2 protein chains.
Amino acid sequence: MPPTPRRSTILEVARLAGASKTSVSRYFGEERDRLSPSLQARIAHAAGTLGYQPNQMARGLKGGRSKLLGMLVADIRNPFSVAITHGVEQACRQYGYSLVVCNTDNDPEQERQHLDLLGAYQVEGLVVNASGSPERQLHTFISQGTPIVLLDREVDHVEAEVVGLDNHLAVDMALEHLADQGYQAVLYVSEAPQQSSTRQKRLARFNHTAGQLGLIHSSSLLANSDGTATLQELSDFLAAHQQHACAVLCGNGTATLTVTRLFQQLDLLLGKVGLMGIDELDWCALISPGITTLAQPTDAMGKTAVQCLMHRIAPHVSSMPAALSFSPTLIERGSTQR
Amino acid sequence: MPPTPRRSTILEVARLAGASKTSVSRYFGEERDRLSPSLQARIAHAAGTLGYQPNQMARGLKGGRSKLLGMLVADIRNPFSVAITHGVEQACRQYGYSLVVCNTDNDPEQERQHLDLLGAYQVEGLVVNASGSPERQLHTFISQGTPIVLLDREVDHVEAEVVGLDNHLAVDMALEHLADQGYQAVLYVSEAPQQSSTRQKRLARFNHTAGQLGLIHSSSLLANSDGTATLQELSDFLAAHQQHACAVLCGNGTATLTVTRLFQQLDLLLGKVGLMGIDELDWCALISPGITTLAQPTDAMGKTAVQCLMHRIAPHVSSMPAALSFSPTLIERGSTQR
DNA sequence: CTGAAAGCGCTTACAG
DNA sequence: CTGAAAGCGCTTACAG
């Protein structure tokens, strides 16, 4: 067997360039300017010849800088999460960091394991879209000086910036739109709030604002993804308020998907019964006459999260973002046109 | 300022346990069994007290095992990619590996950078869903003994397993279904093949099999995402074959999304003009009367890719998967019912 | 069953 | 402007 070609090391580059390891290290680090042009040229040439690339593991070990950010995502198959992840990733690149994305599938046990792991890889910062309540572990990061930013969901007893939608504003905008369009009775459909502060807030705000606007209102939690329980609740709601114009407000994209299926099962006419969802999805424009949504600025949110982290890691390269709470955009379509 | 609490090290655990670093290392490595029960207990206790966790950077540096797999994804916002990534991730966890996912947004330059990076982090294996033709860099990995598996797309001159759909079978199944349903003229809509071997193969097979089946056929490449050019081509196609039953076959999910929009713009009745797509999407059942698709077994594909890698990294823990080429599942809906 | 020591590939005071 | 040397936290022969 031929010997496996290995990656070349700093020592080999140094030898070939007739320089010291120190100089090569400086060349690939922040101190390239300290080297004379001729030294730089020799090193560049040697490194090019050998195809040298610094070993990040070694760098991380010695310098304490892994140049890695970690991200915990509760559900990577949710389009909203994908969009945010995309934004986070872009921003990382921009700052010269790499991102390790860990999907927890909303499972606290996977979340625990992934956090251990992120710690073991010495990530310099963490974007957390929590599944459970990983207080303990997050405190470990914080006490070691690793900055954390919470995405979309708060975590009890963890003091960290929270980047996300202005949930009160979102629900208010939705309800005001529905009221403006003449709907008088609104059913709110949401996944079970569980640990999600966002789901809790939206639900609470729904009850609050719907009351204030004088709307008849009620809510239904999605038990399983086929929404059988909600099917019943929806048809009961419509039956009970036949004399009023009824609408459904969905708490997120998953709810919108399920409810759209229910509308078809019950043969409801979109608009005649209003339908509106928080989160914009690819297909909302396609279900004729279109489903009205509240779009979240996912790219901006992802970038802001990273900016928070960078501000703490390297205050000189990034200022603290001005706002952590974002306004949604109303995308009006036929489903809220009576 | 209080001193920042650091992570504890192997040395601290060793001291507290009254043991050597070697023993602590063995405890956290593969050789725990070599330690006497009492030593194990002392180490376990000490580690627990200090909240010790081995530093993976250091492990990777010395042992050469980063326990990291890398994955290059051409477009993370494509639902098909997300589904595959999910499968890959699950499989990694199962083998005790972590996954660094890099999205290239179909940009060869980003692809280049990400590959450098993955190398710098010493990934032990690589799942590559290529954007461009990163031959050179992939060869570097291969020559260093890092196994590679290609996902969905081949890369010229790179010899590696290719995990993906059986594209010939898929196109044949689609065309046979359309022919069975009585469609006589079929337009194939695809994104521009560019570097994608899959897109090339599907297109070529379309022309081949459509010809064999005696179908009138033609194809249209999506230039921009709004599909203006294709809009024209579609309506021309329909006009030219008014006396025949016409259908459109979409080469992937993106094409299906665009074409569905075009159907609405042209006010075409689904089924009257047939529509079928490769890739199953959330909303295909919702566009009434439903869009017929060919679903890919994404989880199995992701798992298989990882299994290939693991077989090369650690032949004793994983056998070579039996098949690398997968059959799609036909999901019949109203859009192919005349 | 256990440990002392060398060394993985880097960075960073320190010295000149 | 440049380099010799110590050391980051581990693993792994080697020895007993």
Side-chain angles (χ1 to χ4, degrees), chain A residues 4-44 46-47 50-68 119-124 144-145, chain B residues 4 6-44 46-47 50-68 117 119-124 144-145:
Chain A
T4 304
R6 306 160 305 87
R7 313 185 133 258
S8 51
T9 69
I10 202 172
L11 184 59
E12 299 171 273
V13 177
R15 280 211 254 268
L16 185 58
S20 68
K21 289 183 344 182
T22 307
S23 294
V24 178
S25 173
R26 288 200 174 110
Y27 181 83
F28 284 97
E30 314 278 65
E31 310 182 84
R32 184 178 297 190
D33 302 338
R34 288 176 50 174
L35 272 32
S36 66
S38 83
L39 222 204
Q40 288 192 33
R42 270 149 55 212
I43 294 176
L50 297 173
Y52 171 74
Q53 227 191 312
N55 179 330
Q56 283 291 351
M57 292 283 176
R59 285 185 132 170
L61 183 55
K62 180 58 189 167
R65 332 274 354 250
S66 65
K67 282 284 184 180
L68 239 34
Y121 284 103
Q122 318 276 104
V123 295
E124 294 182 43
Q144 283 165 180
Chain B
T4 304
R6 306 161 305 87
R7 312 188 133 256
S8 50
T9 70
I10 202 171
L11 184 60
E12 300 171 273
V13 176
R15 280 211 253 267
L16 184 58
S20 69
K21 288 183 347 184
T22 308
S23 295
V24 178
S25 173
R26 288 199 174 111
Y27 181 84
F28 285 97
E30 313 277 69
E31 309 184 83
R32 183 178 297 189
D33 301 338
R34 288 176 50 175
L35 273 31
S36 66
S38 83
L39 222 203
Q40 288 192 33
R42 270 149 54 210
I43 294 176
L50 297 174
Y52 172 74
Q53 228 190 310
N55 179 328
Q56 284 291 351
M57 292 284 178
R59 285 184 131 172
L61 181 56
K62 180 56 191 169
R65 332 275 351 252
S66 64
K67 283 284 184 180
L68 239 34
L117 209 119
Y121 283 104
Q122 318 276 104
V123 295
E124 294 182 43
Q144 284 164 179

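Just so it is clear, the model here is predicted, and its values are computed rather than measured. All chains are named by letter (A, B, ...) in the order of the sequence lines, taking the proteins before the strands, and each is independently numbered beginning at 1.
Aromatic ring centres of Y52(B) and F28(B): separated by under 6.0 Å.
dG3(D) atom P lies 14 Å from atom CZ of R15(A), rounded to whole Å.
The phosphate of dC1(D) (OP1 or OP2) has no side-chain N or O of S36(A) nearer than 4.0 angstrom. Residue S20(B) has no polar side-chain atom (N or O) positioned under 4.0 Å from OP1 or OP2 of dT2(C).
Of all heavy-atom pairs spanning M57(A) and Q56(B), the tightest one is SD-O, 4.3 Å. Pairing each heavy atom of A120(A) with each of P54(B), the nearest pair is CB-O, 3.7 Å. Closest of all the heavy-atom pairs between A19(B) and L39(B) is CB-CD2, 3.7 Å.
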B/S/- contact track for nucleotides 9-16 of chain C, protein heavy atom under 4.0 Å: BBBBBB--

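Under a 4.0 Å N-O distance rule, the pair E124(B)/R65(B) qualifies as a salt bridge. Checked for salt-bridge contact, R15(A) and E12(A) miss the test: no charged N lies under 4.0 Å from a carboxylate O.
DNA chain C contains the following stems of three or more consecutive Watson-Crick or G-U pairs, with both distances under 3.5 Å: C:1-3 with D:14-16, C:5-12 with D:5-12, C:14-16 with D:1-3.
Remark: R32(A) engages Y27(A), Q40(A) in a side chain to side chain contact (heavy atoms under 4.5 Å, CB included) (not counting sequence neighbours).
Side chains of Q122(B) and N55(A) form a contact here, defined as non-hydrogen atoms less than 4.5 Å apart.
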